[in-house]
Amino acid sequence: MSTVVFEPTEHPHRRRNALNGDWVLVSPHRTKRPWQGQIEKSAQENRPSYDPTCYLCPGNARAGGKQNPQYTSTFVFENDFAALLPDGPRGEVGVGELFQAQAETGTCRVICFSPRHDLTLPLMELSDLRRVVDVWAQQIEELGARPDINYVQIFENKGSIMGSSNPHPHGQIWANYTIPLEPAKEDVQQRAYYDRHSRVLLLDYLTQELEAGVRVVIQNRHWVVVTPYWAVWPFEVLLLPRRHVLALPDLTGDERDALADILKRLTTRYDNLFETSFPYSMGWHGQPTDGQRHPHWQLHAHFYPPLLRSATVKKFMVGYEMLGMPQRDITAEQAADRLRQMSEVHYTMVGDAA
Ligand code: ZN
């Protein structure tokens, strides 16, 4: 039996994700060696502002024969290769206890963030980012009002390493009848906490994170970015509003402006980390759109970046992580510290201001 006192910066341990109930194995002793810094850079991409072969650029033809309008800010359209279809049967379609299935219906849309093929969120103007925020909120309002849609999942898959097929700045919406697995797990945990304490889980979490400080990356008047205590992905962050907000459409104008600000600052820090256009999957979680009020819910965004040590060293979920549980070497505290050290001037702009 060991008599050594547990030290979370030294000893392997597991942390519980209070938001979805999962656990992650943390192995901080494996990063005791000093940081090697950035080893290799990805080739600098020089994309044109308009690409005649891009199916998201204004005026271009999409697969299936439709043509994009000459849009000048954001542009939303129904995905030509939707994973969900609006019309179809509903109900149980499985056979017996061991072969259960349910029919699923829904809608998939694409949101172009900008007509400019060469931009990404950190390189967009604040006023244009604000338009993206407004489109997110408007889409949740519009789709969520439909009786056949009980959850609207907004997300962005950025970078070919994450399987994004097109570098044109865009996100997606999948909206469906049932509540998907991740928000459903978060619903269970947030509801249980609310029932126990009559308090909102993520508001209490944020208060304690702000007190501790070690995992806070950046903040402004309405928003805070933390590397969550239970982070699995390298440089994973949670973006939280300071006040109790159930869903994106509830944000005030000032909160939306502040969201544009913190999105630009966060994604700039990400890009500066390895001087690359930082890949990630990000998305919004808010209350279901089933017509009920869910006061235990708190709006938040997750960013899940796969890069570990450089522009080319990627985390894969393999081996023990597929068969046992997720594992990470860099602690959430170390990741927050690295992100805090980053500049908020985009690396491609350094020198331009002089
Ligand atoms: Zn979530």
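Indexing begins at 1, ligand by ligand and atom by atom, following the structure's order. Hydrogens, waters and symmetry mates play no part in the numbers below; they use all other heavy atoms, side chains included. Quick caveat, the model's predicted, so the values are computed rather than measured.
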Problem - Ion pair check, Glu333 and Arg15, cut-off under 4.0 Å - result: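 Yes, charged N to carboxylate O under 4.0 Å.
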Problem - Where Asn60 and Thr53 come nearest, the two heavy atoms and their spacing - result: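 Nearest heavy atoms, Asn60 then Thr53: ND2-N, 4.3 Å.
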Exercise for the section: Go through the structure and list residues passing salt bridge (Lys or Arg N to Asp or Glu O under 4.0 Å) with Glu236, not counting sequence neighbours. Expected result: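 Salt bridge (Lys or Arg N to Asp or Glu O under 4.0 Å) check on Glu236 returns nothing, list empty.
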Practice task
Show which residues join Phe75 in its hydrophobic cluster (side-chain heavy-atom contacts under 4.5 Å, direct or indirect), or state none.
Solution key: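 Joined to Phe75, directly or through intermediates: Tyr55, Leu56, Tyr71, Phe77, Val110.
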Exercise for the section: Classify the angle between the aromatic ring planes of Tyr304 and His302 as parallel (below 30°), tilted (30 to 60°) or perpendicular (above 60°). Expected result: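 Tyr304 vs His302 ring planes: parallel.
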Problem - Sequence neighbours excluded - salt bridge (Lys or Arg N to Asp or Glu O under 4.0 Å) pairs with any residue from residues 93-115 - result: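 For residues 93-115: Glu78-Arg109, Arg109-Glu142.
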Handout entry: Near the Zn ion (ligand 1) (cut-off under 2.8 Å), count of protein N, O or S atoms
Key =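 With waters ignored, the protein N/O/S count below 2.8 Å is 5.
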